[in-house]
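Presented below is the structure to which this report refers.
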Amino acid sequence: MTIEHSSIQENSWFGIYLGQTGKNITVKHCKVCGNKRGGGIYIVDGVLKRRLLRSIRNILLHNNTIANNDEGGILVYNCINSICVVDNTIISNNGTGVSFLRSWSNRVLYNNFINNTVNAYFQHFSLLNHWNGNYWTDWIGVGPKLIKGTLKEVSIPWVNFDWHPAKKSIQTIETTIQ
């Protein structure tokens, strides 16, 4: 399934919610802006008897503008090796631009993270997510970009790295809404 060239704005809850049986979904060239509770894009896999269902598979968020959402831009919860966030502009979201909770081995590549309250965050064993080539307004411009998070529910500090952050904002194809 593909969601493309859509304007998803000013909803009282999520802009886009993908849950439990989402497979082979692409969201591209969309504007996801000004959504309230839950934020812009919320992707969640389920749990059965304390085990992840692993029913979310092959989700691509590509070349979208995700801006000014009240509770963050993108939240990924309980997803393992299934989410790819590529070539998006994630700008001025309250909360976090991208959050990973109990999610690992996902990819975040070549995005613009601009002036979000917190550009990226992870917690609850969200390890081994691959960050590369993103532009960060809060990067000091030298070395890798540290992405702060916590390892467990008890707030053990941990970091991920974007080993090759972009020095300039990445040009993306303008999202056009018909």
Side-chain angles (χ1 to χ4, degrees), residues 1-48 51-93 95-114 116 119-135 147 160 162 170 172-178:
M1 177 173 82
T2 300
I3 302 168
E4 64 182 315
H5 299 291
S6 298
S7 180
I8 302 157
Q9 300 185 67
E10 305 299 328
N11 293 293
S12 59
W13 283 87
F14 314 102
I16 296 173
Y17 177 87
L18 302 175
Q20 294 187 337
T21 57
K23 291 183 178 138
N24 302 318
I25 298 172
T26 298
V27 178
K28 64 181 182 177
H29 307 291
C30 292
K31 260 178 101 171
V32 182
C33 303
N35 299 291
K36 307 298 179 208
R37 295 182 64 181
I41 300 174
Y42 187 58
I43 305 168
V44 60
D45 206 340
V47 176
L48 180 64
R51 297 194 64 155
L52 296 177
L53 292 177
R54 298 194 66 180
S55 58
I56 293 283
R57 297 266 194 243
N58 196 26
I59 307 294
L60 173 63
L61 306 178
H62 175 66
N63 208 351
N64 301 290
T65 298
I66 303 160
N68 300 312
N69 295 290
D70 279 357
E71 292 187 16
I74 301 169
L75 174 64
V76 178
Y77 187 57
N78 287 341
C79 296
I80 301 168
N81 194 26
S82 53
I83 311 298
C84 189
V85 180
V86 181
D87 291 328
N88 299 283
T89 296
I90 303 163
I91 184 170
S92 298
N93 292 286
T96 306
V98 172
S99 295
F100 286 106
L101 305 168
R102 283 192 246 178
S103 298
W104 56 89
S105 297
N106 299 290
R107 295 170 294 165
V108 183
L109 312 167
Y110 312 112
N111 299 283
N112 292 312
F113 287 94
I114 301 170
N116 299 286
N119 281 321
Y121 188 75
F122 65 93
Q123 65 187 57
H124 305 294
F125 297 105
S126 292
L127 304 173
L128 305 175
N129 290 303
H130 181 70
W131 308 80
N132 191 48
N134 299 290
Y135 172 76
I147 301 154
N160 284 177
D162 183 335
I170 300 160
T172 58
I173 300 168
E174 277 299 309
T175 302
T176 56
I177 307 300
Q178 298 288 338

Look at the side chain of N116 and the backbone N and O of G95, then say whether any donor-acceptor pair between them is shorter than 3.5 Å. no
Just wondering, do R107 and N132 contact through their side chains at under 4.5 Å, heavy atoms? no
Is there a side-chain hydrogen bond (donor to acceptor under 3.5 Å, both in side chains) between D87 and N63? Walk through the geometry before answering. CA-CA 5 Å; D87 291 328; N63 208 351; over 6 Å; no
Between V108 and N134, is there a side-chain heavy-atom distance shorter than 4.5 Å? yes
Tightest non-hydrogen contact, residues Y42 and L75, listed as CE1-CD2, 2.6 Å
With sequence neighbours left out, write down each residue that passes side-chain hydrogen bond (donor to acceptor under 3.5 Å, both in side chains) with N68, or none if nothing qualifies. none
Value for CG (N64) from CD1 (I8), rounded to nearest 0.5 Å, stands at 8.0 Å
Residue pair E71 / G39: nearest heavy atoms and the distance that separates them: CB-N, 3.9 Å
Should I147 and F113 count as side-chain neighbours, where that means a heavy-atom distance under 4.5 Å? no
Kindly compute the distance separating CZ (F122) from CG (L101), expressed to the nearest 0.5 Å. 11.0 Å
So which heavy atom on T65 is nearest to which on C33, and how close? O-SG, 4.1 Å
Between CG of N11 and CZ of R37, what distance do you get to the nearest 0.5 Å? 13.5 Å
Looking only at heavy atoms, the pair that brings I90 and V98 closest together is CD1-CG2, 3.7 Å
Measure from the side-chain N and O atoms of N93 to the backbone N and O of N69, and report whether any donor-acceptor pair falls under 3.5 Å. yes
Pairs involving residues 6-19, ordered by first then second residue, that meet salt bridge (Lys or Arg N to Asp or Glu O under 4.0 Å) (sequence neighbours left out): E10-K36
Rounded to the nearest 0.5 Å, how far apart are CD of Q9 and CG of N35? 7.5 Å
Start with the C-alpha distance between W131 and F100, add both sets of side-chain angles, then the distance that settles ring-ring contact (aromatic ring centres under 6.0 Å, His included), and finish with yes or no. CA-CA 12 Å; W131 308 80; F100 286 106; 5.6 Å; yes
Any donor-acceptor pair under 3.5 Å linking the side chain of N106 with the backbone of S82? yes
Look up atom CG in N119 and atom CG in N112, then write down how far apart they are to the nearest 0.5 Å. 10.5 Å
Using atom types as modelled and distance alone, determine if a side-chain donor or acceptor of S103 lies under 3.5 Å from a backbone N or O of S126. no
Closest non-hydrogen atom pair, T96 against Y121: CG2-N, 3.6 Å
Closest heavy-atom pair and its distance - H62, N88: C-OD1, 3.6 Å
What distance separates N111 CG from I66 CD1, expressed to the nearest 0.5 Å? 8.0 Å
pair S92-I114: side-chain heavy atoms closer than 4.5 Å: no
Looking at side-chain heavy atoms only, is the closest gap between L60 and K28 below 4.5 Å? no
Could you tell me if the side chain of V76 sits less than 4.5 Å from the side chain of I59, heavy atoms only? no
What orientation do H29 and H5 show, parallel under 30°, tilted 30 to 60°, or perpendicular over 60°? parallel
